[in-house]
J.: 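Okay, handing you the structure first.
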Amino acid sequence: MQIVSVATTPFNDQKPGTSGLRKKVTAFQKQHYLENFVQAIFDSISAPKSATLVLGGDGRYYNKEAIQIILKMAAANGFARVLVGQDGILSTPAASCVIRKYQTYGGIILSASHNPGGPDGDFGIKYNGNNGGPATETVTDAIYTVSKSITQYRSVTAPDVDLGKLGEQKVGDMLVSIIDPVTDYAELMESLFDFAAIRALLAGGFRIQFDAMHAVTGPYARDIFVNRLGAPASSVMNAVPLPDFGKGHPDPNLTYAHELVEILYGDNAPDFGAASDGDGDRNMILGKHFFVNPSDSLALIAANAHLVPGYQSGLAGIARSMPTSAAADRVAKALGIPCYETPTGWKFFGNLMDAGKVTLCGEESFGTGSDHVREKDGLWAVLFWLNIVAARKQSVEDIVLEHWAQFGRNVYSRHDYEGIPSDAANGVMKLLKDGFTTLPGKQFGSYTVDFCDDFSYTDPVDGSVSIGQGIRIIFTDGSRIVFRLSGTGTEGATLRIYLEAFEPDVSKHKLDAQTALAELIGIALQLSELRSRTGRDAPTVIT
Ligand code: G1P
Ligand code: ZN
């Protein structure tokens, strides 16, 4: 084996976020670009010589090429072994599962999550530590520091690995184990959920439709729903991962998963529908002609967790991101367990889970999960719902309506304005920040402002403080409007408006969320001057 050191110059890139580095494929293809980032990871994580890594991705364009590059660099950087998903495939939650199960030093996941793929699409890379979760801030800071001073990267000259062939191969002195990407994950799911009950539900004629959106969950869904649970093959659609995700936008929401939504709202609709995103960590849950808001989904999962074998012994606590509705807080209160409100992003949940403070966590952005891994987990949420339906023998809609009758309904919606010019977005946020001190006590229609702030969070585990996490306008009845800039977009700025109103009156629970929130939406537009400042008269995506 020949180790080569290649001279390079700092790529001086943006600091990787909690979801790693995301950029256009063309940026990653620039000479030394991917290599620089990978070397920056290796220089930052101080892996011992015996270390094992996990490596895989969501199958998007450039996935396999990147894996070959990373394997040669891992060999040159002294790793003993790399576990690689067959054909380069590993969903994000499956990678987290494999890191934990085999107690590896960490893992590299290649994905830009729900962002479109293909030669003109996005690519991404992130490092997860030995707890299976996204790298800590200390590691991402170190990677960023190296990126500004890097002068060389190391690689070996070796032939490419056959990614399709299960079993052991070698790159230089390093062992490469090509593993089945599904088995470990599917076994974990079988250990948590009542597969026999779900199998009986499906055998009894309950019809499901799962949309893998041409992304990574296809093979997982086929193995779990079809092979292990006995659903017909046709119940998994768009099941083959494609490098460009079939030119779609693999984000399971009402806009981008419209193919599935049309089926669930059509004639002869199945009883249950679900979709997941590019890398398999998000989920959307639908009943027949019914949409389950992700904030409600978290609350319902918590309220019904005692019906699921893996959670029968109770929950330590629940965590939700700040913009997620307070529906879960009501359940936590009833269960007598703590509910934590964290900034947006999964890393805050990881700390709480590692410390044993929470079992379940979720975000309004179609992310739900538990301490079984350290990432959010799309198929886990789908199985959780199927287990609940199998145990309660009710429709999805009836389960949700009963929940609202018991706890009240936190009517909720998110409006996204995507790809707006950055100055316009920053202008809106500045206007709100400058103006919010004067708002408390002011009345807008039937709402009176109670307090406003720019959300900040002190981590109860490590004491770290995160500021500037979103502007909250909270009204005296607990209703809220939150404004936040997205941290994950790659084009212009995305402004998110989160709207929430509490409705205890059962007779109004069937109202459509947009109708129920119309007054709050009007107030949000008035306060933010959003239309005049961005020239947009409607959101790009409404959830
Ligand atoms: C979005 C979601 C957030 C999620 C993140 C990664 O981030 O809103 O909840 O954790 O993707 O999946 P944002 O674009 O809002 O910064
Ligand atoms: Zn994702």
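Order of appearance sets the numbers: ligands from 1, and atoms from 1 within every ligand. The structure presented is a predicted model; accordingly, all values stated were derived computationally and were not measured.
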J.: Tell me whether the rings of Y412 and Y498 are parallel (<30°), tilted (30 to 60°) or perpendicular (>60°).
T.: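 Taking Y498 first and then Y412, their aromatic rings sit tilted (interplane angle of 30° to 60°).
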J.: Just by distance, with hydrogens left out, do S413 and Q514 show a side-chain donor and acceptor under 3.5 Å apart?
T.: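 There is such a pair between these side chains.
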J.: Any nitrogen or oxygen of Y498 lying under 3.5 Å from a nitrogen or oxygen in ligand 1? Just yes or no.
T.: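 Between Y498 and ligand 1 (N or O atoms, distance only) the closest approach is not under 3.5 Å.
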J.: Looking only at N, O or S atoms in D277, which is nearest to the Zn ion (ligand 2)?
T.: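 Answer by atom name: OD2.
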J.: Which residue supplies the protein heavy atom nearest to atom 10 (O) of ligand 1, what is that atom called, and how far is it?
T.: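 Nearest neighbour among protein heavy atoms for atom 10 (O) of ligand 1, to 0.1 Å: E363 OE1, 2.7 Å.
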J.: Do E503 and R409 meet the salt-bridge criterion of a basic N to acidic O distance under 4.0 Å?
T.: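 Salt bridge: no.
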J.: Distance to the ring centre below 6.0 angstrom and angle to the axis at most 45 degrees; does that hold for R472 and F483?
T.: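 The answer is no, since R472 fails at least one limit relative to F483.
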J.: Give a yes or no on whether S113 keeps an N, O or S atom under 2.8 Å from the Zn ion (ligand 2).
T.: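 Yes.
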J.: Quick one: does G487 get an N or O within less than 3.5 Å of an N or O on ligand 1?
T.: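 Looking only at distances, the answer is yes, because the N/O contact criterion of under 3.5 Å is met.
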J.: Going by heavy atoms, is R22 under 4.0 Å from ligand 1?
T.: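 No, R22 has no heavy atom closer than 4.0 Å to ligand 1.
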J.: Anything under 30° is parallel, anything over 60° is perpendicular, the rest tilted; go ahead and classify W404 against F290.
T.: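 Tilted, since the angle between the ring planes falls between 30° and 60°.
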J.: Geometry only, no angles: is R282 polar-contacting ligand 1 at N/O separations under 3.5 Å?
T.: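 Among all N and O atoms of R282, at least one is under 3.5 Å from an N or O of ligand 1.
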J.: Between F28 and Y62 (judged by ring centroids, cut-off 6.0 Å), do the two rings come close enough to count as a pair?
T.: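 Aromatic pair excluded; centres sit 6.0 Å or further apart.
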J.: Identify, by atom number and element, the atoms of ligand 1 in contact range of R484, meaning under 4.0 Å from any of its heavy atoms.
T.: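 Every atom of ligand 1 under 4.0 Å from some heavy atom of R484: 13 (P), 15 (O), 16 (O).
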J.: For atom 6 (C) of ligand 1, find the nearest protein heavy atom and state the residue, atom name and distance (0.1 Å precision).
T.: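 That would be K376 NZ, 3.6 Å.
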J.: Which atoms from ligand 1 have a heavy atom of R414 less than 4.0 Å away?
T.: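 Checking each atom against R414, I get 8 (O).
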J.: State whether E65 and R60 are salt-bridged, where the test is any N-O pair (Lys NZ or Arg NE/NH1/NH2 against Asp/Glu carboxylate O) under 4.0 Å.
T.: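 Looking at E65 and R60, the cut-off is not met.
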J.: Would you please indicate yes or no on a ring centroid separation below 6.0 angstrom for F384 and F193?
T.: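 Between F384 and F193, which both carry aromatic rings, the centre distance is below 6.0 Å.
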J.: Under 4.0 Å from a heavy atom of T344: which atoms of ligand 1 are those, numbered in the order shown and with their elements?
T.: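 Going through ligand 1 atom by atom, the ones under 4.0 Å from T344 are 3 (C), 9 (O).
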J.: What angle sits at the Zn ion (ligand 2) between OD1 of D279 and OD1 of D281, to 10°?
T.: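 It comes to 90°.
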J.: Nearest protein heavy atom to atom 7 (O) of ligand 1, by residue and atom, and its distance?
T.: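 Here the closest protein heavy atom is T488 CG2, 3.5 Å.
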J.: Below 2.8 Å, any N, O or S contact between D58 and the Zn ion (ligand 2)?
T.: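 Given the 2.8 Å cut-off, D58 does not count as a ligand of the Zn ion (ligand 2).
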J.: Does a side chain donor of either E375 or N128 reach within less than 3.5 Å of an acceptor in the other side chain?
T.: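 E375 vs N128: donor-acceptor pair found between side chains.
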J.: Does R496, backbone or side chain, put an N or O under 3.5 Å from an N or O of ligand 1?
T.: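 Yes; at least one N/O pair falls below 3.5 Å.
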J.: Mark up the atoms of ligand 1 that fall under 4.0 Å of a heavy atom belonging to G345, in ascending order.
T.: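 Per the distance check, 10 (O).
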J.: With atoms numbered from 1 as shown, which atoms in ligand 1 lie under 4.0 angstrom from a non-hydrogen atom of S365?
T.: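 Those atoms are 2 (C), 3 (C), 4 (C), 8 (O), 9 (O).
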J.: Please work out which of the three classes, parallel, tilted or perpendicular, describes the rings of F291 and F366, given edges at 30° and 60°.
T.: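 F366 vs F291 ring planes: tilted.
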J.: Are L260 and L264 packed together at the side-chain level, in the sense that at least one heavy-atom pair is separated by less than 4.5 angstrom?
T.: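 Of all side-chain heavy-atom pairs linking L264 with L260, at least one is under 4.5 Å.
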